[in-house]
Asker: 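Below is one structure. I have some questions about it.
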Amino acid sequence: MITTATLNPRSLRFGMITPSSNTALEPLTQQIVSQIPGVSVHLSRFRVLKIALDNAGLAQFDNSAILQAAELLADAKVDVIGWSGTSSGWLGFEADEKLCNEITVATGIPATTSVLGLNRLISHMGINEMGLLTPYTNDVQEAITRNYRSIGVDCTVEKHLGKSDNKSFGYISEKTLDEGFWELVGTEHRISAVTVFCTGLKAAQLVDGWEQKSGVIVLDTVATVLWDMCRIAGVDTNGIEGWGKLFKQG
């Protein structure tokens with residue numbers, strides 16, 4: 001386990017890949033990382049303008065574009081690379097597994113994603129029912145729900161806002177997100193976990209309060225990729241406060 005006392009003198013560098021139009025994940029990630037001594041985060045972007053299942057929407061997530069962003073991070077000699085995005089939720093989880101393998105082959109650097117981190121937490125915590133909070137359209141939400149059903153996780157309790165413009169996700173208010181969360185946990189079908197499944201939403205800062213008031217575990221995808229990067233690097237996350245119970249998971 002890497003601790004403050006044993007960190008490399010140059011510290012650890014986390015490389016994060018972000019959609020070009022995302023304005024939420026970078027400041028949130030930097031705030032969380034500020035609580036981890038000796039770790040810095042460095043970002044690389046590739047073009048994403050909308051979330052849709054049409055040809056143009058799907059083409060944005062061609063691995064070649066993401067690999068170019070990863071290779072730029074490799075120039076900075078980062079120790080772990082994370083894709084802070086949820087595209088495999090509708091593309092299929094194998095898409096992220098393939099992407100991470102290609103990143104490591106191309107750069108020699110281990111890699112993970114928001115969704116792979118989320119899925120590891122789901123497995124680790126024994127979650128089989130999960131509320132799904134997203135900004136997405138009906139068809140995207142249905143694809144995500146279907147993919148989770150395939151691994152034994154029921155996301156029947158869901159809330160989506162019907163949006164596709166990636167930039168607009170960052171303008172969704174805390175009030176709207178708060179209402180969406182309480183709508184999910186207030187349903188007759190009681191759930192023990194909720195995921196905020198979009199790194200374009202400014203929700204990670206709300207998680208601690210939601211958990212304390214509801215008793216429900218909240219797994220925000222801005223945080224899940226960072227949790228998994230820490231796991232890969234052997235960084236102890238127990239000292240992270242105010243960002244949810246996931247950081248207390250070993």
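Every heavy atom of this structure was used, including side-chain atoms; hydrogens, water molecules and symmetry mates were not.
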Asker: Taking side chain as C-beta onward, heavy atoms only, is S192 less than 4.5 Å from I217?
Answerer: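 They are not in contact (no side-chain heavy atoms under 4.5 Å apart), so the answer is no.
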Asker: NE2/H160 to CG/L133 distance, rounded to the nearest 0.5 angstrom?
Answerer: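 The distance works out to 11.0 Å.
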Asker: For T237 versus F247, what's the shortest heavy-atom pair and its separation?
Answerer: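 Shortest heavy-atom separation between T237 and F247 comes out as OG1-O, 2.6 Å.
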Asker: In this structure, would V157 and I151 fall into the same cluster of hydrophobic residues linked by side-chain contacts under 4.5 Å?
Answerer: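 Yes, it is one cluster - the side chains of V157 and I151 are joined through contacts under 4.5 Å.
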Asker: With the threshold set at 4.0 Å, does a side-chain nitrogen-carboxylate oxygen contact exist between R120 and D228?
Answerer: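 Salt bridge flag = yes for D228 with R120.
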Asker: With the side chain counted from C-beta on, respond yes when Y136 and I144 share a heavy-atom pair under 4.5 Å apart, and no when they do not.
Answerer: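 Counting from C-beta outward, Y136 and I144 do come under 4.5 Å.
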Asker: Let me have the donor-acceptor pairs involving side chains of residues 54-63, under 3.5 Å, with sequence neighbours excluded, atom names and distances please.
Answerer:
residue, atom, partner, partner atom, Å
D54, OD1, K50, NZ, 3.3
D54, OD1, A56, N, 3.4
D54, OD1, G57, N, 2.7
D54, OD2, K50, NZ, 2.7
Q60, OE1, L49, N, 2.6
Q60, OE1, K50, N, 3.3
Q60, NE2, K50, O, 2.6
Q60, NE2, G57, O, 2.9
D62, OD2, S64, N, 2.9
D62, OD2, S64, OG, 2.3
N63, ND2, E102, OE1, 3.1

Asker: Rounded to the nearest 0.5 Å, what's the gap from CG on L99 to OG on S87? Could you check?
Answerer: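 The OG atom of S87 is 7.5 Å from CG of L99, to the nearest 0.5 Å.
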Asker: Does any N or O in the side chain of S88 come within less than 3.5 Å of the main-chain N or O of F93, such that one atom is a donor and the other an acceptor?
Answerer: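 Looks like no, no N/O pair under 3.5 Å.
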Asker: Can you name the nearest heavy-atom pair linking T199 to S84, along with the distance?
Answerer: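 Shortest heavy-atom contact: OG1-O, 2.9 Å.
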Asker: Could you check L246 against E211 for side-chain contact (heavy atoms from CB on, under 4.5 Å), going step by step and ending with a plain yes or no?
Answerer: CA-CA 11 Å; L246 82 165; E211 289 185 334; 6.0 Å; no
Asker: Heavy atoms only: give me the nearest A204-W243 pair and the separation to one decimal.
Answerer: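 Smallest interatomic distance, heavy atoms only, reads O-CE3, 3.5 Å.
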Asker: Rounded to the nearest 0.5 Å, what separates atom CD1 in I240 from atom CG in L226?
Answerer: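 Between I240 CD1 and L226 CG, I get 6.0 Å after rounding to 0.5 Å.
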Asker: Who pairs with E174 by side-chain contact (heavy atoms from CB on, under 4.5 Å), at least two apart in sequence or on another chain?
Answerer: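 Q205, L206.
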Asker: Side chains of E71 and T107: any donor to acceptor distance under 3.5 Å?
Answerer: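 Distance-only check fails for T107 and E71.
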Asker: Indicate yes or no: does E183 engage K159 in a salt bridge with an N to O separation below 4.0 Å.
Answerer: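 Salt bridge between E183 and K159, a charged N being under 4.0 Å from a carboxylate O: yes.
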Asker: Find out if a path of hydrophobic residues (ILVMFWY) with successive side-chain heavy-atom gaps under 4.5 Å connects L67 to M229.
Answerer: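 Same hydrophobic cluster.
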Asker: Quick one: do R45 and E26 make a salt bridge, cutoff under 4.0 Å?
Answerer: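 Counted as a salt bridge, because a side-chain N and a carboxylate O are separated by less than 4.0 Å.
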Asker: How many angstroms lie between atom OG1 of T137 and atom CG of L53, to the nearest 0.5 angstrom?
Answerer: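 One gets 6.0 Å once the value is rounded to the nearest 0.5 Å.
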Asker: Side-chain polar contacts of residues 161-168 - donor-acceptor pairs under 3.5 angstrom, sequence neighbours left out - could you list them?
Answerer:
residue, atom, partner, partner atom, Å
D165, OD1, K167, N, 3.3
N166, ND2, S21, OG, 2.9
S168, OG, D165, O, 2.6

Asker: Is a donor on one side and an acceptor on the other found under 3.5 Å between the side chain of S40 and the backbone of R13?
Answerer: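 The answer is no, because no donor-acceptor pair under 3.5 Å joins these two groups.
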Asker: Checking the side chain of T176 only, and the main-chain atoms of I172 only, is there a donor and an acceptor separated by less than 3.5 Å?
Answerer: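 Not a single qualifying donor-acceptor pair exists.
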Asker: What's the separation between atom NZ in K245 and atom CE in M125, rounded to the nearest 0.5 Å?
Answerer: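 Separation between the atoms: 8.5 Å.
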Asker: Using only atom types and a distance under 3.5 Å, with no angle test, would you say the side chain of T145 pairs donor to acceptor with the backbone of Q141?
Answerer: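 Yes; at least one donor-acceptor contact below 3.5 Å.
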Asker: Any side-chain to backbone donor/acceptor pair from T113 onto L116? Under 3.5 Å, distance only.
Answerer: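 It does hold such a pair.
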Asker: Work out which heavy atom in A70 is nearest to a heavy atom in I81; give both atom names and the distance.
Answerer: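 In terms of heavy atoms, the two residues are closest at O-CD1, 3.8 Å.
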Asker: Without swapping roles, check the side chain of W227 against the backbone of Q249 for a donor-acceptor pair under 3.5 Å.
Answerer: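 Yes: the side chain of W227 pairs with the backbone of Q249.
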Asker: Please evaluate residues E142 and R149 with respect to the criterion salt bridge (charged side-chain N to carboxylate O under 4.0 Å, His left out), reporting the C-alpha separation (whole Å), side-chain torsions for both, the decisive distance (0.1 Å), and the verdict.
Answerer: CA-CA 10 Å; E142 289 170 0; R149 189 182 307 120; over 6 Å; no
Asker: Work out which heavy atom in A203 is nearest to a heavy atom in L28; give both atom names and the distance.
Answerer: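 For A203 and L28, the tightest heavy-atom pair comes out as N-CD1, 4.4 Å.
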Asker: Mind checking whether N128 and D154 have side chains closer than 4.5 Å, heavy atoms only?
Answerer: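 No, every pair of side-chain atoms sits at 4.5 Å or beyond.
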Asker: What's the verdict on side-chain contact (heavy atoms from CB on, under 4.5 Å) for F14 and V78, showing C-alpha distance, side-chain angles and the deciding distance?
Answerer: CA-CA 6 Å; F14 284 1; V78 298; over 6 Å; no
Asker: So do I51 and F169 actually touch side chain to side chain, heavy atoms under 4.5 Å?
Answerer: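 Touching, per the 4.5 Å side-chain cut-off.
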Asker: Going through the checks in order, is the side-chain contact (heavy atoms from CB on, under 4.5 Å) test met by L201 and L177?
Answerer: CA-CA 9 Å; L201 294 175; L177 295 171; 4.1 Å; yes
Asker: Can you confirm whether I109 sits close enough to T104 that some side-chain heavy atom of one is under 4.5 Å from a side-chain heavy atom of the other?
Answerer: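 Side-chain contact under 4.5 Å: no.
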Asker: Which distance, rounded to the nearest 0.5 Å, do you find between the OG1 of T18 and the CG of L25?
Answerer: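 Output value for this atom pair is 3.5 Å.
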Asker: Closer than 4.0 angstrom, basic N to acidic O: yes or no for K175 and D178?
Answerer: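 No, no charged N to carboxylate O under 4.0 Å.
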Asker: Between D96 and T112 (side chain of the first, backbone of the second, donor and acceptor by atom type, cut-off under 3.5 Å), is there such a pair?
Answerer: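 No; zero donor-acceptor contacts below 3.5 Å.
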Asker: Please determine which of L219, V225, T224 meets the side-chain contact (heavy atoms from CB on, under 4.5 Å) test together with T221.
Answerer: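 Testing each of L219, V225, T224 against T221, the sole residue satisfying side-chain contact (heavy atoms from CB on, under 4.5 Å) is T224.
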Asker: Is there a side-chain contact between S114 and V222 in this structure, where contact means two heavy atoms from C-beta onward sitting under 4.5 Å apart?
Answerer: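 No. Closest side-chain heavy atoms not under 4.5 Å.
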Asker: Do T195 and D220 have side-chain heavy atoms sitting under 4.5 Å apart?
Answerer: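 The answer is no; the side chains never approach within 4.5 Å.
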Asker: For W182 and S214, run side-chain contact (heavy atoms from CB on, under 4.5 Å): C-alpha distance rounded to whole Å, both residues' side-chain angles, the deciding distance at 0.1 Å, then the answer.
Answerer: CA-CA 9 Å; W182 290 108; S214 69; 3.7 Å; yes
Asker: Looking only at side chains, do N119 and Y148 share a donor and an acceptor under 3.5 Å apart?
Answerer: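 Indeed, the side chains of N119 and Y148 share at least one donor-acceptor pair under 3.5 Å.
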Asker: Please lay out, stage by stage, how F46 and W83 fare under the test ring pair (Phe, Tyr, Trp, His ring centres under 6.0 Å).
Answerer: CA-CA 11 Å; F46 74 101; W83 157 223; 5.2 Å; yes
Asker: So if you build clusters from Ile, Leu, Val, Met, Phe, Trp, Tyr with side-chain heavy-atom gaps below 4.5 Å, do I232 and V115 land together?
Answerer: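 Yes: a chain of side-chain contacts under 4.5 Å links I232 to V115.
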Asker: Measure across A69 and I17 and return the closest heavy-atom pair with its distance rounded to 0.1 Å.
Answerer: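 The pair with the smallest heavy-atom distance is CB-CG2, 4.1 Å.
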Asker: Are L12 and V33 connected into the same hydrophobic cluster when the rule is that any two of I, L, V, M, F, W, Y join if their side-chain heavy atoms are below 4.5 Å apart?
Answerer: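 Cluster IDs for V33 and L12 match.
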Asker: Hey, does E241 have a side-chain heavy atom less than 4.5 Å from the side chain of K248?
Answerer: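 Yes, side chains in contact.
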